[in-house]
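Taking it in order: structure first as structure tokens, then the write-up.
As the structure is a computational prediction, the values presented were derived from the model and not from experiment.
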Amino acid sequence: MPEANALFAAAAADARRRDAADVLAPLRERFVLPPGLVYLDGNSLGPLPADTPDRLQHALRSDWGQGLIRSWNDAGWIDLPVRIGDRIARLVGAAPGQVIAADSTSINLHKVLDAALSMRPGRGCIVSQAGNFPTDLYVAQGLVGRDADRVRLHTVDHTRLIEAIDEDTAVVMLTQVDYRTGERLDLRELTEAAHRRGALIVWDLAHSAGAFPVDLDGAGVDFAVGCGYKYLNGGPGAPAFLYVARRHQAAFAPCVSGWMGHASPFEFSPDYRPAGDIRRALVGTPPVLGLIALEAGVDTILAAEPLGGLPALRAKSLALTDLFIELAHTSCARFGLVSITPIDYDRRGSQVSFTLPDPAQAHAVVQALIADGVIGDFRAPNVLRFGFAPAYLRFADVVVAAGRLAEVLATGRWDQPRFLTRQAVT
């Protein structure tokens with residue numbers, strides 16, 4: 001493949017130049033990255049931040065080991081959900097006091113979706129995109145099943161969302177970046193469309209927070225949720241976050257009322273009285289170790305602020321994904337590989353997805369790449385998905401990944417039983 005060799009040789013030389021000039025390059029040192037590995041799955045699980053082990057060790061040996069229960073006060077454990085929420089707020093365009101770190105994305109979505117429905121009495125429809133992430137649809141379906149006489153779910157193709165919002169729509173529930181294709185929805189346009197028709201809007205920012213600028217306050221968003229273990233690098237199963245616009249907090253009534261959401265938990269009153277601020281979204285005791293790891297992860301992204309912040313991360317993400325799309329298209333299109341990620345910057349998240357005609361081949365190619373040290377993931381039915389976290393990825397990594405993808409397809413090395421066998425997690 002002399003043409004391919006020349007293509008990748010030229011790309012590698014250019015990548016070295018771009019990496020040397022990258023103002024974000026120092027951020028890579030803030031992560032633990034196994035040598036020889038190209039990690040393109042940070043949109044599913046971010047890598048370990050270099051600070052996390054020390055922070056957890058301090059929490060274990062000092063705060064818990066020596067401070068014991070005193071650390072709820074002395075080490076500030078009780079304030080972690082609000083403190084970390086305010087740090088995440090800086091990444092999603094929210095003023096302090098509107099984001100809190102707690103629970104999982106699914107539980108937080110249930111909280112805000114249920115509350116939003118109760119705030120629009122007389123309206124009974126939840127509108128969502130048909131290709132939304134399954135857990136979002138499952139949560140909505142659960143609410144419908146609980147109250148089918150009043151609530152229904154209407155899913156449509158994302159191109160028909162605005163026309164689907166009508167006078168019976170109570171809530172529009174959307175994920176900003178499609179988990180399969182990487183297509184990004186216009187947060188401001190769709191929020192304004194929902195409000196024009198009197199509906200509230202809930203945004204899932206699982207593939208947005210920490211990847212590119214989000215302006216929740218500026219767009220007038222009502223509610224949002226997101227997870228802590230993708231671009232926020234909080235670790236597997238990290239606590240998630242939720243956003244409630246300040247104007248809605250007094251009316252926000254979570255469907256689960258627990259003692260940490262009480263106005264004064266340590267009065268131990270037998271009667272529930274919700275906190276007057278974002279803390280009313282809390283339920284049970286904060287998971288301290290998980291929150292400490294999440295804070296370390298969030299800080300890896302906040303470390304970009306003196307280097308240009310989220311706009312600089314976004315610019316690098318687009319440059320990385322541009323390069324990957326170009327190299328993969330040039331070297332792999334003849335094998336049936338097709339990009340399904342938008343070329344338009346306004347419609348692109350921070351990932352690149354391809355399809356292959358045969359689902360079994362698509363899965364096996366991803367597994368072969370993982371064996372070759374390029375970690376992406378597979379999404380049914382036939383999507384090869386690669387996430388680009390600009391805080392630690394280099395242009396050289398992109399060239400290596402695209403080259404190995406071309407090699408796996410050209411040699412047919414993917415066609416082995418060990419790659420064709422599906423494991424529990426794909």
Under a 4.0 Å threshold between the charged nitrogen and the carboxylate oxygen, would [Y] count as salt-bridged to [X]?
X	Y	result
Asp344	Arg348	no
Arg146	Asp114	yes
Asp63	Arg70	no
Asp397	Arg394	yes
Asp186	Arg347	no
Arg379	Asp377	yes

Test: Arg184 cationic atom under 6.0 Å from Phe212 six-membered ring centre, within 45° of axis: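 Verdict for Phe212: a cation-pi partner in Arg184.
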Can you measure from [atom1] ([X]) to [atom2] ([Y]) and round to the nearest 0.5 angstrom?
X	Y	atom1	atom2	answer
Phe386	Thr321	CZ	OG1	13.5 Å
Asp79	Trp72	CG	CH2	10.5 Å
Leu187	Asp215	CG	CG	8.0 Å
Asp204	Asp136	CG	CG	4.5 Å
Leu393	Leu33	CG	CG	8.0 Å
Asn132	Leu137	CG	CG	5.0 Å

Distance-only side-chain donor-acceptor flag, [X] / [Y], under 3.5 Å:
X	Y	result
Ser350	Ser317	yes
Trp203	Ser208	no
Thr135	Ser106	yes

Taking [X] for its side chain and [Y] for its backbone only, find out whether a donor-acceptor pair lies under 3.5 Å.
X	Y	answer
Thr421	Pro417	yes
Asp415	Arg413	no
His262	Asp271	yes
Arg280	Ala275	yes
Glu192	Glu189	no
Asp222	Leu200	no
Thr191	Val221	no
Gln249	Val244	yes
Lys230	His207	no
Arg87	Val298	no

Check whether more than 12 heavy atoms from other residues, nucleotides or ligands sit under 6.0 Å from atom [atom1] of [X], and answer yes or no.
X	atom1	value
Ile69	CD1	no
Arg61	CZ	no
Tyr272	OH	yes

After noting the C-alpha distance and the side-chain angles of Leu282 and Ile100, does the key distance pass the side chain to side chain contact (heavy atoms under 4.5 Å, CB included) rule? CA-CA 8 Å; Leu282 291 174; Ile100 199 156; 3.5 Å; yes
For Val99 and Leu242: C-alpha separation, side-chain torsions, deciding distance, then whether side chain to side chain contact (heavy atoms under 4.5 Å, CB included) applies. CA-CA 6 Å; Val99 178; Leu242 65 86; over 6 Å; no
Consider side-chain contact (heavy atoms from CB on, under 4.5 Å). Of Gln176, His158, Gln351, which one does Glu183 pass it with?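 When Gln176, His158, Gln351 are each tested with Glu183, the side-chain contact (heavy atoms from CB on, under 4.5 Å) holds only for His158.
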Work out which heavy atom in [X] is nearest to a heavy atom in [Y]; give both atom names and the distance.
X	Y	value
Gly387	Asn43	CA-OD1, 3.3 Å
Tyr179	Arg385	O-NH1, 2.9 Å
Ala15	Ala396	CB-N, 3.7 Å
Val172	Ala194	CG2-CB, 3.9 Å
Leu161	Leu185	CD1-CD1, 4.1 Å
Leu216	Ala224	CD1-CB, 4.0 Å

I'd like to know whether Phe378 forms a side chain to side chain contact (heavy atoms under 4.5 Å, CB included) with Arg422, so could you lay out the CA-CA distance, the side-chain angles of the two residues, the decisive distance to 0.1 Å, and finally the verdict. CA-CA 10 Å; Phe378 168 81; Arg422 294 200 189 186; 3.6 Å; yes
Does the pair Gln98 and Asp86 meet the rule for a side chain to side chain donor-acceptor pair (under 3.5 Å), with working shown? CA-CA 8 Å; Gln98 298 178 101; Asp86 283 346; over 6 Å; no
Would you call [X] and [Y] a side-chain contact if the rule is heavy atoms closer than 4.5 Å?
X	Y	answer
Leu45	Pro236	yes
Val171	Ile201	no
Phe354	Phe324	yes
Ile343	Ile325	yes
Thr105	Phe241	no
Asn382	Leu356	no
Leu91	Leu302	yes
Ile126	Leu117	yes

Listed once per pair and sorted, the ring-ring contact (aromatic ring centres under 6.0 Å, His included) pairs that draw on residues 15-65, sequence neighbours left out: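 Found Phe31-Tyr392.
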Under the rule for side chain to side chain contact (heavy atoms under 4.5 Å, CB included), what residues qualify as partners of Ala315, not counting sequence neighbours?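 With neighbours one apart ignored, the set is empty.
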If we check salt bridge (charged side-chain N to carboxylate O under 4.0 Å, His left out) with Asp299, which of these qualifies: Arg55, Arg90, Arg30?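 That would be Arg55.
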Applying ring pair (Phe, Tyr, Trp, His ring centres under 6.0 Å) to Phe223 and Tyr243, what does each step give before you reach the verdict? CA-CA 5 Å; Phe223 303 99; Tyr243 162 91; 8.1 Å; no
For Leu337 and Leu405: C-alpha separation, side-chain torsions, deciding distance, then whether side chain to side chain contact (heavy atoms under 4.5 Å, CB included) applies. CA-CA 10 Å; Leu337 191 78; Leu405 174 60; 3.8 Å; yes
